[in-house]
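Heads up: the structure comes next, in structure tokens.
Please read all numbers here as calculations on a predicted model, not as lab measurements. As a basis for the values below, the full set of heavy atoms in this structure was taken, side chains included, without hydrogen atoms, waters or symmetry mates. Residue numbers begin at 1 in each chain, while the letters A, B, ... track the order of the sequences.
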There are 2 protein chains.
Amino acid sequence: MAYDVYDSECPARAVLDHVGDKWALLVLNRLGEGPVRFNALRRDINGLSQKVLSQVLKRLERDGLITRTVFPTVPVTVEYALTRMGECLNANVGPLLHWAESNMDQIRAAQSAYDERLSEAA
Amino acid sequence: MAYDVYDSECPARAVLDHVGDKWALLVLNRLGEGPVRFNALRRDINGLSQKVLSQVLKRLERDGLITRTVFPTVPVTVEYALTRMGECLNANVGPLLHWAESNMDQIRAAQSAYDERLSEAA
DNA sequence: TCATCTAGTTACTTTTTGAAACCAACAGAC
DNA sequence: GTCTGTTGGTTTCAAAAAGTAACTAGATGA
């Protein structure tokens, strides 16, 4: 393996900086269902601001993970979609998000137990 | 599905905030190879500061993803290891990091192409 | 004429991050 | 004895990032 995410100098780390980001994960996953327009992404992903969304989209486009298509409608509409490489990545992202959703009960139990142990110790 | 990562009010989003973090991904993945001590993690994961590492470890421990074991040696040693749930999560994290490493060539090509298009347009 | 839609950008504030110093407690070298 | 290095952290402070809200343009509908 020529690339190593554990090495801060390795370009793979730079990509991890883009991909290992909660907003990027949500955007990728949302695009996995098909092409989506800018404002639709913003509305669907609760809490995502326009500024951060446009930054995330630019990074993902630069990395070749998504495409940006402008339609000359009035007003102009812009559609974002996964590239083949983006789809390939998303195949690994989906399980991560799905895992979070399906293990929440166990996680919440662990958090409660942890907090209780802390307050007992104090 | 009772939980929804797209909803900013959902606890699943809070967990995504912990898990969708480059440092947490690297820590989890490193622990996937077996228990590791604090300073070993810090040394192995290039660029990770003590402060951030201790924050990440606390969050992951609270979420029930890792265990923290103190050995009364001199000086004291602390070992971190994945719980069963952590291992389960890591099964989804590994492919993500591996994907980044094995697709770097294609990503770098996309970045170069993107940058060239930008400079041409300017 | 005023508000609304599109997809962003810009300015400002607040939060988070990262670098470095510091802590205690002990072992071994000098 | 005291200087260095080890352990696993916490604290402090400056810098970077993120969030909030306002603003852009150009056409549509009320």
Side-chain angles (χ1 to χ4, degrees), chain A residues 6-9 13-27 30-31 35-62 66-81 114 117-118 121-122, chain B residues 6-9 13-27 30-31 35-62 66-81 114 117-118 121-122:
Chain A
Y6 289 110
D7 179 4
S8 62
E9 302 298 317
R13 175 65 79 78
V15 170
L16 183 65
D17 288 353
H18 304 168
V19 163
D21 168 63
K22 82 177 168 186
W23 296 125
L25 292 174
L26 287 168
V27 167
R30 182 67 188 79
L31 291 179
V36 187
R37 282 181 294 111
F38 185 89
N39 278 328
L41 276 171
R42 197 186 125 229
R43 276 188 293 260
D44 290 354
I45 302 175
N46 208 289
L48 174 56
S49 72
Q50 289 183 310
K51 188 183 94 174
V52 173
L53 176 56
S54 92
Q55 289 173 344
V56 167
L57 289 171
K58 267 183 200 158
R59 281 196 304 227
L60 295 179
E61 189 195 355
R62 178 168 183 267
I66 64 174
T67 57
R68 178 178 181 275
T69 313
V70 180
F71 294 97
T73 54
V74 170
V76 65
T77 56
V78 179
E79 203 173 76
Y80 291 92
Y114 181 93
R117 253 177 289 141
L118 265 194
Chain B
Y6 288 111
D7 180 4
S8 63
E9 302 297 318
R13 174 65 78 79
V15 171
L16 183 63
D17 288 354
H18 303 170
V19 163
D21 168 63
K22 81 178 168 185
W23 296 125
L25 292 175
L26 287 168
V27 166
R30 182 68 187 76
L31 291 179
V36 186
R37 284 181 291 111
F38 185 89
N39 278 328
L41 276 171
R42 198 186 124 229
R43 276 188 292 261
D44 290 354
I45 303 175
N46 208 289
L48 175 55
S49 72
Q50 287 184 311
K51 189 183 93 175
V52 172
L53 175 57
S54 93
Q55 289 172 344
V56 167
L57 289 171
K58 267 184 200 159
R59 281 196 304 226
L60 294 179
E61 190 196 356
R62 178 168 183 267
I66 64 174
T67 57
R68 178 178 181 275
T69 313
V70 180
F71 295 97
T73 54
V74 170
V76 65
T77 56
V78 180
E79 202 173 76
Y80 291 91
Y114 181 92
R117 253 178 288 140
L118 265 195

Legend entry - dT7(D) OP1/OP2 closer than 4.0 Å to side-chain N/O of Arg43(B): yes
Inset, instruction - Check every atom of dT17(C), dA7(C), dG9(D) against the side chain of Val78(A) and return the nucleotide holding the closest atom. - result: dA7(C)
Legend entry - Distance in angstrom units between Arg68(B) CZ and dT7(D) P, rounded: 15 Å
Legend entry - Closest listed nucleotide, where the reference is the side chain of Val52(B) and the choices are dT17(C), dT6(C), dG9(D): dT17(C)
Inset, instruction - Give, for atom CG of Leu53(B) and atom CZ of Phe38(B), the distance between the pair rounded to the nearest 0.5 Å. - result: 4.0 Å
Legend entry - Proximity to the side chain of Gln50(A) - top-ranked nucleotide from dA7(C), dA11(C), dG9(D): dA7(C)
Legend entry - Shortest non-hydrogen separation from Val36(B) to Ala40(B) and the atoms involved: CG1-CB, 3.5 Å
Inset, instruction - Could you check how far CD1 of Ile66(A) sits from P of dA7(C), rounded to whole Å? - result: 14 Å
Legend entry - Which residue lies more 5' along DNA chain C, comparing Pro75(B) with Lys58(A) via nearest heavy atoms: Lys58(A)
Legend entry - d(CZ, Arg59(A); P, dG8(C)) in whole Å: 16 Å
Inset, instruction - Using a cut-off of strictly less than 4.0 Å, decide whether Lys51(A) has a side-chain nitrogen or oxygen near OP1 or OP2 of dC12(C). - result: no
Legend entry - Phosphate OP1/OP2 of dG18(C): any Trp23(B) side-chain N/O under 4.0 Å: yes
Inset, instruction - Please determine if a side-chain N or O atom of Ser54(B) lies less than 4.0 Å away from the OP1 or OP2 oxygen of dT10(D). - result: yes
Legend entry - Distance test, side-chain N/O of Ser49(B) to OP1/OP2 of dA20(C), below 4.0 Å: no
Legend entry - Rounded distance (Å) that lies between atom P of dT17(C) and atom NZ of Lys22(A): 10 Å
Inset, instruction - Check whether any side-chain N or O of Arg13(B) sits under 3.5 Å from a backbone N or O of Tyr6(B) as a donor-acceptor pair, and report yes or no. - result: yes
Inset, instruction - Find the distance Gln55(B):CD to dG9(D):P and express it as a whole number of Å. - result: 13 Å
Inset, instruction - Return the value, rounded to whole Å, for the distance between atom CG of Asp17(B) and atom P of dT15(C). - result: 16 Å
Legend entry - Distance test, side-chain N/O of Arg37(A) to OP1/OP2 of dG8(C), below 4.0 Å: no
Inset, instruction - Measure the distance from CG on Leu53(B) to C1' on dG18(C) and round it to the nearest whole Å. - result: 13 Å
Legend entry - Close side-chain approach of Asn39(B) to Gln50(B), heavy-atom, < 4.5 Å: yes
Inset, instruction - Check whether any side-chain heavy atom of Leu48(B) lies under 4.5 Å from a side-chain heavy atom of Val27(B), and answer yes or no. - result: yes
Inset, instruction - Consider the side chain of Val74(A), meaning its heavy atoms from C-beta on, and name the nucleotide among dG8(D), dA27(D), dT17(C) that approaches it most closely. - result: dA27(D)
Inset, instruction - Would you kindly give the CG-to-P distance between Asp21(A) and dA16(D), to the nearest whole Å? - result: 19 Å
Inset, instruction - Describe the nucleic acid contact of Phe71(B) in one word from base, sugar-phosphate, nothing, applying a heavy-atom distance below 4.0 Å. - result: nothing
